J.: 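I have a structure here, written as structure tokens, and I will follow up with some questions on it.
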Amino acid sequence: MEIVIVPDAAAGGELIATAIADLLTRKPDALLGVATGSTPLPIYEALAAKVRGTDLDVSRARICQLDEYVGLPKGHPESYRSVVLREVVEPLGLTESSFMGPDGSADDIAAACFAYDRALAAAGGVDLQLLGIGTDGHIGFNEPCSSLASRTRIKTLTERTRVDNARFFDNLDEVPHHVITQGIGTILEARHLVLLATGEGKADAVALTVEGPVSAVVPASALQLHPHATVVVDEAAASRLKLADYFRATWAAKPSWQSI
Ligand code: F6R
């Protein structure tokens, strides 16, 4: 696992957007897995700026969703489908036809989860999966004690995650209790995992993920099992890493031709 400590969220966004641009240059129809929440926004802004300001062509890119609330009406502005369309798909000049996600309003949620896992495989698998991290160590919405082999399925949010996400809704009662999330086993099938964490509030979760044991109680620690996982953290989120100096030195000494 590679750990990159950047000065701030904007620098993290730029670094990761550059890696995505490189991927889309090598493989124009790459399947990019996206996360929602506040953390990845600087990535999407930096990528959209590259599309506007350079000759980067993302017109053949494909975008897929990591997770989704269950039970929000279709088109709800805080459904993750709406969020991804608004924050990623449209700013990149793509349309809904480039996008795939699980149906959180399906009558048969179990069938929708199974269908989404199959659709990801049929699409050739995810080339680069962006991840955020919850304060409780979740990735996607795999809450603590999720099976490290799990597939896309319904999960119940912890109260802590519902409180963390209440800022997107009018009040806590509106935050759904249930979600569909790619499983940890599903996430681990992506060819490259890139987790961005910013802010002091993520420092404990980052330290456990990077320097703690692999454990279902810290779902993000499963990244240690992946052959190509990159964890990008700002100084605040890195503040509890014991090996921070080593990670800084490693990054500083990295050959310039080698990307994340
Ligand atoms: C959402 C997702 C979650 C978030 C996490 C952090 O698609 O995958 O794991 O990444 O809850 O959210 P923020 O970035 O808002 O702190």
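This is a predicted model, so every value here is computed, not measured. Each ligand, and each atom within it, is numbered from 1 in the order the structure gives.
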J.: With no hydrogens and no angle check, do the side chains of Thr158 and Asp136 hold a donor and an acceptor under 3.5 Å apart?
T.: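 There is such a pair (donor and acceptor under 3.5 Å, judged by atom type) between the side chains of Thr158 and Asp136.
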J.: Please state which protein non-hydrogen atom is closest to atom 13 (P) of ligand 1 and give its distance, to 0.1 Å?
T.: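 That would be Thr39 OG1, 3.5 Å.
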J.: Under 3.5 Å, N or O to N or O, is Arg167 touching ligand 1 that way?
T.: yes
J.: Return the closest protein heavy atom for atom 10 (O) of ligand 1 as residue, atom name and distance.
T.: Gly132 CA, 3.2 Å
J.: Is there a side chain to side chain contact (heavy atoms under 4.5 Å, CB included) between Leu120 and Met100? Walk through the geometry before answering.
T.: CA-CA 8 Å; Leu120 290 172; Met100 55 199 281; 4.0 Å; yes
J.: Under 6.0 Å between ring centres, would you say that holds for Tyr69 and Phe169?
T.: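 Tyr69 vs Phe169: aromatic centres under 6.0 Å.
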J.: If you count the atoms of ligand 1 from 1 in the order shown, which ones are under 4.0 Å from a heavy atom of Lys202?
T.: 6 (C), 13 (P), 16 (O)
J.: Please verify whether a non-hydrogen atom of Glu143 lies at under 4.0 Å from ligand 1.
T.: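 No.
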J.: Nearest protein heavy atom to atom 2 (C) of ligand 1, by residue and atom, and its distance?
T.: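 Residue, atom and distance for the closest contact: Asp67 OD2, 3.2 Å.
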J.: Taking both backbone and side-chain atoms of Gly140, is any N or O found less than 3.5 Å from an N or O belonging to ligand 1?
T.: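 N/O-N/O distance under 3.5 Å: yes.
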J.: Can you find a non-hydrogen atom of Gln65 under 4.0 Å from ligand 1?
T.: no
J.: Salt bridge or not between Arg81 and Asp103? Use side-chain N to carboxylate O under 4.0 Å.
T.: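 No, Arg81 and Asp103 are not salt-bridged.
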J.: Considering non-hydrogen atoms only, spot the tightest contact between Gln182 and Gln65 and give its length.
T.: NE2-O, 3.2 Å
J.: Report the nearest protein non-hydrogen atom to atom 11 (O) of ligand 1: residue, atom name, distance rounded to 0.1 Å.
T.: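 Residue, atom and distance for the closest contact: His138 NE2, 2.7 Å.
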J.: Is any side-chain heavy atom of Val70 closer than 4.5 Å to a side-chain heavy atom of Ile180?
T.: yes
J.: For atom 6 (C) of ligand 1, grab the closest protein heavy atom and report residue, atom and distance to one decimal in Å.
T.: Ile133 O, 3.3 Å
J.: Quick check: does Ser38 get an N/O under 3.5 Å from an N/O on ligand 1?
T.: yes
J.: Can you tell which part of Leu66 has a heavy atom less than 4.0 Å from ligand 1: side chain, backbone, both or neither?
T.: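 Looking at Leu66 and ligand 1, just side chain atoms fall under 4.0 Å.
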J.: Which atom pairs, donor and acceptor, lie under 3.5 Å between side-chain atoms of residues 37-47 and protein residues at least two apart or in another chain?
T.:
residue	atom	partner	partner atom	Å
Ser38	OG	Arg167	NH2	2.6
Tyr44	OH	Ala35	N	3.2
Tyr44	OH	Ala35	O	2.7

